[in-house]
J.: 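One structure is given below, represented as structure tokens, and several questions about it will come after.
Both counts, for ligands and for their atoms, begin at 1 and track the order of listing.
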Amino acid sequence: MSHKQASFYQSVQTNFEKAAALSKHPKGLLAQIGACNSVYQMRFPVKIGNGYEVIEAYRVQHSHHRLPTKGGIRFSHMVNQEEVMALASLMTYKCAIVNVPFGGAKGGVKVSTRQYNAEQLEKITRRYTVELVRKNFIGPGIDVPAPDYGTSSREMAWILDTYSQLRNGELDAAACVTGKPTSQNGIQGRTEATGRGVYYAIRELCNDEKEMAKVGKETGTEGKTIVIQGLGNVGSYTGTICSKEGGMKVIAVSEIEGTIVDPKGIDVAKLIKYRKAKGSIVGFPGTKKLKERNDWVGIDCDVLIPAALESQINKANAKQVKAKIIAEAANGPVTAAAENILLKKGVIILPDMYANAGGVTVSYFEWLKNLSHIRFGRMEKRFDERAYTQLVNKVEAMTGKSISQKERSVLTKGADEVDLVRSGLEETMIDAYNEIVTMMRRKKSVTDWRTAAFLVSLDKVANDYLTMGIFP
Ligand code: GLU
């Protein structure tokens, strides 16, 4: 186990302790909330080429105060037990903050996705699923995985298929995993959900006069500059949505192959296409490459967005940070030690458990869709459209004026699934923002966003335990 990952779990625990010390709940209850309830460590053989390989994998269920437990599955050569424990813990707090009624969990398979072809990855994923089924670690009411770093809807389809084969006839089988392809009982808007949620979180903060006054900035997202580390699913959608819907300017992007900058702004959608074709972001027209890849941390911008892995902003480089706002699109990108340095500098850190909660929020919608066996909007879309049309017709008749066809189609449109998903996600992120801000303004001792977010979720989880009667 490398030192870096061990400290990720310690970092989460340190942050938890900091908040727990300010909470009024009984010590024993807080200790129970902080602990990882079940840790399943497995080793299984997979035939690769002419030989066999022993695959190391995990599933951690952090808290059972609500069921099912929920959280993604990570495929990475850096996976280890403590990393998965840290990630599972964050899922509990994350779900509580956005009022998603699940306990936290996370899975990890220690493989480098670059070293296996699709067929081999399928074998690994299916075998991992069989292990989970055998130990009762997966199911619509038990534990529901989703994508994370190194996995996508493709792996989720393999998981669902394997589960369904073993649980033939189970009516709700589709709800055993989320983040599935839309053709396989997935939901519109899930792929973009984490990035879109990050945008809503940033937007709410930027529209908050009091918070902007603290960092000496104008309100609004328009024209604000951002730097993104990581162009995976989360970084890509965060970048495109922040610029398209928020009018923000992406002035630098960092990836494994290097960091590129363009003060005039980088078109992220075009950059993604470029990278697909050339295999690298370096050389993208109009941009310059920084000498040191890791220098993205010190770029002067309004919002710094780490959207890759944990511990990226740490004790060693925290002093370089010039941004006044950090939005944690990744899980655990700022270590506890780095946070101390940054808070002293007056940096606002929107914590992972809030900023990136859009993914699990839409996973919750997908799970609901699967359990209800009907797509959102199917019943009411046409009915609404007819009612809106009648209204517009009436207004036209009463005023004697008519509106353009374009205006008419906007006004009379019924909601599709994706519209409802986005609306639900936006509502969720705004609600959670207000809950965290209220906590921060109510408790004078709480000055940072992570502690406030922790306290919001600790209250909810503690309340669940108390009303269950486990801690009378
Ligand atoms: N892996 C994502 C996260 O870290 C999504 C989890 C889910 O949808 O269950 O929040």
J.: Can you pull the residues with any heavy atom under 4.0 Å from ligand 1?
T.: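 Those residues closer than 4.0 Å to ligand 1 by some heavy atom are Lys70, Gly71, Gly72, Met91, Lys94, Lys106, Ala146, Pro147, Asp148, Arg190, Asn331, Gly359, Val360, Ser363.
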
J.: If you look only at pairs with a residue in residues 126-142, which of them pass as a salt bridge (Lys or Arg N to Asp or Glu O under 4.0 Å), with sequence neighbours excluded?
T.: Glu122-Arg126, Arg126-Asp161, Arg127-Glu131, Glu131-Arg134

J.: For Tyr364, which residues count as a ring-ring contact (aromatic ring centres under 6.0 Å, His included) partner, sequence neighbours excluded?
T.: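 In terms of ring-ring contact (aromatic ring centres under 6.0 Å, His included), with neighbours along the sequence ignored, Tyr364 is linked to Phe102.
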
J.: Would you say Tyr116 and Glu53 are linked by a side-chain donor-acceptor pair, where the criterion is simply a distance under 3.5 Å?
T.: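 A donor-acceptor contact under 3.5 Å links the two side chains.
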
J.: Apply side-chain hydrogen bond (donor to acceptor under 3.5 Å, both in side chains) to the pair Tyr58 and Glu83, showing each step before the final yes or no.
T.: CA-CA 10 Å; Tyr58 304 87; Glu83 181 191 44; over 6 Å; no

J.: Excluding sequence neighbours, so at least two apart, what forms side chain to side chain donor-acceptor pair (under 3.5 Å) with Lys249?
T.: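 With sequence neighbours excluded, Lys249 shows a side chain to side chain donor-acceptor pair (under 3.5 Å) to no residue whatsoever.
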
J.: Please determine which of Lys70, Arg190, Glu366 meets the side-chain hydrogen bond (donor to acceptor under 3.5 Å, both in side chains) test together with Thr178.
T.: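 By the side-chain hydrogen bond (donor to acceptor under 3.5 Å, both in side chains) criterion, Thr178 pairs with just one of Lys70, Arg190, Glu366: Lys70.
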
